[in-house]
Amino acid sequence: MTVEQVQEIVDALAGSLRRAVAIDDHGLRLIAVSEDFGDADPPRVWSLLHRRTRPEDVHFERIVAADGPLRLPANPALELAPRLVVPLRHLGMPVGFMWLIERDARIGEAELDACCRAAARIAELLHQRLVVADRNRELVARLLDEVTGPDAARAAGAAEDLRRRGLIADDSDVGVLLVRPRAGEAEALSDCWAQLYRFAGLFPPRTTLVDCSPHRALVLVSRPTLSAGVLAGMAVQLGQSVGPRFAVGASGVVTGLRAAPTAWRQASVAADAAAAVPHFEGVACWERLGPYALLGQLPRDVLTAAMLPAGLTALLDAGTAEHLLTTVETFLDCGGDKQRAAGLLHVHRATLYYRLERVEALTGLSLSDGADRLLVHLAIKLRRMQGGGHTGTGTAAPLAA
């Protein structure tokens, strides 16, 4: 009901002023807007289409610190007309902004008083909305924790609760996007909640739910006819939103919220791969993981020097021979096609033969033997999942003893 009440105040104010009035929340997301009185400029049209205001259009750092109404000058480069902004505060807490465009004439003192009175009523309503939203976030976090958890009975109950409360409109197809901090960024999850909620706000209501806590950050996507391609596109978009300090993993598409635990596990494996394997460039999707879909489910300490043939350990740890590791990995990725591998490595085939012979000499294994090939290939991919594998540049970290 809060948004409807805000809309009523906005419509009444706009009608009395004969000027368009828009309300953003504290994150510059559009809450309400009146009818247009012919004063809209291109940035206003953009904000209506995208349901948000661009911070660079409105001197966000300045207005967020303002205690009272401000006038923003025209900016011809942005086709921005002069604006009056009334910061919305309740009990000293910033909750949003009221916008009026002063294209042809400035707003007079009596009109400004009317704006401030309306702003005070709207600020109180938006504060109430934030209190309710905080309670909803706590509820959503608990339900998402249960619906993706290992306890089948609790997961089923949480799924039913999400549907009954109307938090999800249609759970025909479900996917999970998981955000994981990269090495050394464990404390960074607390910094990305705003990006996650802003990202979720780009999609229709009741199709995304967000849980951002100190131990995990995820977006549950639930909508009819969700495809792996659409989910992959959302993962890339989310990766761009949260930035390079984080890796993003996308699950496959599963049927119904009851399968959300499976989607969670898939997204977790994908996020691990995205963080560990540079090939994925920070975003990995379950459907495209290849061997990492299986290898990512193994314990992290499964690959140790004590459990590998000595020659293979020497290859994985050989900082001075990293080109050998890259060569044999590329050769095996190509299914033993030497011509294709040489092309990808940009070396002559004679160079490839020489390097592969050196690998055989170093490891004591035969690359013409299927079992030996499998051993080398698995060891390299497992090493990659541990975050120390070669990618053509850099040096692998030593194996644990």
Problem set entry | Stepwise side-chain contact (heavy atoms from CB on, under 4.5 Å) check, L345 with T351 | CA-CA 10 Å; L345 292 166; T351 302; over 6 Å; no
Is there a side-chain contact between [X] and [Y] (heavy atoms, below 4.5 Å)?
X: D372; Y: T363; value: no
X: L344; Y: D333; value: no
X: D41; Y: R83; value: yes
X: V230; Y: R223; value: yes
X: L72; Y: R62; value: yes
X: C115; Y: L17; value: yes
X: V376; Y: V359; value: no
X: P69; Y: C116; value: yes

Heavy-atom pair with the smallest gap, counting every atom of [X] and [Y]:
X: L226; Y: G175; value: CD2-N, 3.8 Å
X: P87; Y: V85; value: CD-O, 3.6 Å
X: R89; Y: P94; value: NH1-CD, 3.7 Å
X: V179; Y: L196; value: CG2-CD1, 4.2 Å
X: W264; Y: T148; value: CD1-O, 3.4 Å
X: I107; Y: E111; value: CG2-CB, 3.3 Å

Would you say [X]'s side chain and [Y]'s backbone share a donor-acceptor pair under 3.5 angstrom?
X: R373; Y: L367; result: yes
X: Q7; Y: V33; result: yes
X: D272; Y: G296; result: no
X: S251; Y: V176; result: yes
X: R198; Y: R29; result: no
X: D173; Y: T225; result: yes
X: H50; Y: W46; result: yes
X: S34; Y: V10; result: no
X: Q297; Y: A293; result: yes
X: R206; Y: P204; result: no

Rounded distance (nearest 0.5 Å) linking atom [atom1] of [X] with atom [atom2] of [Y]:
X: L220; Y: L178; atom1: CG; atom2: CG; result: 11.5 Å
X: L295; Y: K381; atom1: CG; atom2: NZ; result: 9.0 Å
X: D161; Y: R164; atom1: CG; atom2: CZ; result: 4.5 Å
X: L139; Y: L144; atom1: CG; atom2: CG; result: 9.0 Å
X: R142; Y: D211; atom1: CZ; atom2: CG; result: 12.0 Å
X: S222; Y: D171; atom1: OG; atom2: CG; result: 5.0 Å

Between [Y] and [X], is there a salt bridge with N-O shorter than 4.0 Å?
X: E102; Y: R19; value: no
X: R44; Y: D39; value: no
X: R163; Y: E160; value: yes
X: D145; Y: R154; value: no

Exercise. So does E56 have more than 12 non-hydrogen atoms from other groups sitting under 6.0 Å from CD?
Worked result: yes
Exercise. Just wondering, more than 12 heavy atoms not from F203 lying within 6.0 Å of its CZ?
Worked result: yes
For this session: Take V210 and V140, measure what side-chain contact (heavy atoms from CB on, under 4.5 Å) needs, and give me the verdict at the end.
Result: CA-CA 7 Å; V210 173; V140 167; over 6 Å; no
For this session: Test side-chain contact (heavy atoms from CB on, under 4.5 Å) on I23 and M98 and set out the steps.
Result: CA-CA 5 Å; I23 302 295; M98 174 186 287; 3.7 Å; yes
For this session: I would like to know whether T53 and F97 meet side-chain contact (heavy atoms from CB on, under 4.5 Å); could you show each step before the answer?
Result: CA-CA 10 Å; T53 297; F97 306 94; over 6 Å; no
For this session: Classify the ring geometry between H127 and H90 as parallel (under 30°), tilted (30 to 60°) or perpendicular (over 60°).
Result: tilted
